Amino acid sequence: MVTIGTPFTERAKKVLLCGSGELGKEVVIELQRYGVEVVACDAYENAPAMQVADRAYVFSMLDGAELRRVIEKEAPDFVVPEVEAIATDVLAEMEAEGVATIIPTARATQLTMNREGIRRMAAEELGCVSSPYRFAGNLVEYEAAVAEVGLPCVVKPIMSSSGKGQSTLRTEAEILPAWEYAQEGGRAGAGKVIVEGFVDFDYEITLLTIRHVGGTSFCDPIGHIQVDGDYRESWQPQPMSELALQRAQEMAAKVTENLGGRGVFGVELFIKGDEVIFSEVSPRPHDTGMVTMISQDLSQFSLHARAILGLPIPNICTHGPSASCAHVVVGNSEKVCFGQVDQALAEPDTQLRLFGKPAVVGKRRMAVGLARGRDIEQARAKARGVIGALETDL
Ligand code: AMP
């Protein structure tokens, strides 16, 4: 029996969110629809999820001592990671001590924080097909890794996301610059890289997989386009052969079962013909899954909330071809203002989310346009139109 008490009383159901970006903001809203009390944490003030949460704490999620102090002070029912870079050893300790329930599990956050953990688990332990790969911690190992994997290949810091420090190498001249770029782009500064064989895929998908009290459910596959490793457009449903979809669901079920716990997972796969190649997995809602805010009655955020709270997910109702388009702003500002917002939403079946991020330094995703259409192409054009109409004043 699931019970949910009154917020701000000792009977409240309480969630502590580690990381407070745009995905976390939607998770907070969905949890609050059930009267859950939500505490948002991140390294900077006024982060998107903090703007809608009940309380906020500002500290680095990599500061294990502070993370422990805040979790002990708040004593939440659930700790919900929203980013990869967290002192996951502290989460593991607190889970083992029985002090906190980590979503989906502390082990899942540990394995996926680092590309090495999840790749070795999926490919070596579970036997999932993946691109050939090597890890390298210094220049000598790196050159040997590139020679073994061969060109073309993709180099990524093992602690990075959104394409930071990532390069695709096609010629020998690119080998050294890619190492240097990876050393700048890694989350925790210089460090180890993964060298992966380049996969000449037909298309790539995110298969949102939900582990909940009633079992495992899948959303329709989401197709997407990445620029420099960063998502720009996604759409749903991505057309797939029956065999490829069946294989994708089998692989996603196997990987998420190993990670365990309850919640939404974004399983990233490359597809070539009927072949499915494992790429990586997020043990939380995925940026490409923002399309579900317009394509499904229960978005990935609403599904995450249900799974976390132990509520049933008997079905997921879909609304037909839909798309999302990210608005990536380049520049420096602490007072970004969007103009033509009315024009952006002039077309029927479109939506817009402005994340309310307090600053842009360099390149930052600040908004997403959403649309439904008669087919994927029209939905994509409409989502691009939402973002295209927006004026950005830095
Ligand atoms: P990741 O951060 O690993 O999700 O990589 C970001 C994007 O880079 C992916 O979604 C792909 O579009 C591309 N990419 C990453 N690894 C490979 C690979 N081995 N072969 C081809 N493209 C890749």
Side-chain angles (χ1 to χ4, degrees), residues 21 23 83-85 111-123 128-136 142 145-146 148-171 174-175 178-179 181-182 184-188 191-209 221-236 238 240 248 251-252 255-256 265-273 275-291 324-326 328 363 365 380:
L23 305 183
V83 292
E84 280 163 9
L111 281 176
T112 55
M113 165 171 191
N114 170 332
R115 294 182 188 275
E116 185 166 5
I118 187 64
R119 178 59 69 100
R120 289 199 191 277
M121 184 277 266
C128 296
V129 176
S130 80
S131 56
Y133 58 90
R134 292 282 182 280
F135 296 95
Y142 168 69
V146 175
E148 277 182 78
V149 170
L151 295 175
C153 64
V154 182
V155 175
K156 310 169 199 175
I158 59 166
M159 299 280 225
S160 78
S161 56
S162 303
K164 292 190 190 84
Q166 176 173 329
S167 312
T168 300
L169 279 64
R170 294 176 194 280
T171 65
E174 291 166 323
I175 297 177
W179 169 259
Y181 182 53
E184 289 161 23
R187 193 183 292 133
K192 217 170 181 180
V193 300
I194 182 170
V195 179
E196 288 184 31
F198 181 83
V199 181
D200 183 24
F201 52 78
D202 297 335
Y203 56 93
E204 57 182 320
I205 63 163
T206 302
L207 190 58
L208 293 174
T209 304
I222 295 169
H224 52 94
I225 286 185
Q226 308 265 332
V227 177
D228 299 329
D230 193 23
Y231 133 83
R232 294 304 160 94
E233 284 185 51
S234 69
W235 54 86
Q236 190 193 33
Q238 162 69 43
M240 290 179 74
M251 198 181 275
V255 172
T256 55
F265 297 75
V267 183
E268 292 185 54
L269 304 168
F270 301 133
I271 315 289
K272 190 161 180 60
E275 206 192 339
V276 175
I277 300 140
F278 177 80
S279 176
E280 57 176 5
V281 57
S282 67
R284 62 185 79 88
H286 198 266
D287 50 9
T288 61
M290 284 195 282
V291 67
S324 80
C325 177
V328 179
K363 196 164 82 172
R365 185 165 62 219
R380 286 180 62 187

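Source: prediction; values computed, not measured. Both ligands and their constituent atoms are indexed starting at 1 by order of listing.
Nearest protein neighbour of atom 5 (O) of ligand 1, counting heavy atoms only, is Gln166 OE1, 3.5 Å. In terms of protein heavy atoms, atom 1 (P) of ligand 1 is closest to Glu280 OE2, 3.3 Å. If you check which protein heavy atom lies closest to atom 15 (C) of ligand 1, you get Lys156 NZ, 3.2 Å. Here the heavy atom of the protein found nearest to atom 20 (N) of ligand 1 is Val199 N, 2.8 Å. Remark: minimum distance from atom 23 (C) of ligand 1 to any protein heavy atom is reached at Phe270 CZ, 3.8 Å.
Nearest to atom 9 (C) of ligand 1 by heavy-atom distance, out of Arg115, Glu204, Glu268, is Glu204. Nearest to atom 6 (C) of ligand 1 by heavy atom, out of Pro157, Ser279, Gly229, is Gly229. One option in Val149, Asp230, Ile194, Val154 has a heavy atom closer to atom 18 (C) of ligand 1 than any other, and that option is Val154.
Looking only at distances, a side-chain donor or acceptor of Glu174 sits under 3.5 Å from a matching main-chain atom of Thr171. Checking side-chain atoms of Arg115 against main-chain N and O of Pro157 turns up a donor-acceptor pair under 3.5 Å. No side-chain donor-acceptor contact under 3.5 Å links Tyr142 to the backbone of Val195.
Under a cut-off of 6.0 angstrom, the local environment of CG in Asp202 is crowded, with over 12 non-hydrogen atoms contributed by other residues, nucleotides or ligands.
Of the polar atoms of His224, none of the N or O atoms is found under 3.5 Å from an N or O of ligand 1, judged by distance alone. Backbone and side-chain nitrogen or oxygen atoms of Phe201 are examined, and none is located within less than 3.5 angstrom of a nitrogen or oxygen of ligand 1.
Taking the six-membered ring where tryptophan is involved, the planes of Phe270 and Phe201 are essentially parallel, since the angle between them stays under 30° and well short of 60°.
Side-chain polar atoms of Arg120 and Ser130 form no donor-acceptor pair below 3.5 angstrom.
Listed by number with element, the atoms of ligand 1 under 4.0 Å from a non-hydrogen atom of Phe198 are 20 (N), 21 (C).
Atom OG of residue Ser324 and atom CZ of residue Arg232 lie 12.0 Å apart, to the nearest 0.5 angstrom.
A salt bridge is absent between Asp230 and Lys363; no separation between the charged side-chain nitrogens and carboxylate oxygens falls under 4.0 Å.
Judged by the shortest distance from any of its heavy atoms, Gly197 lies inside the 4.0 Å radius around the atoms of ligand 1.
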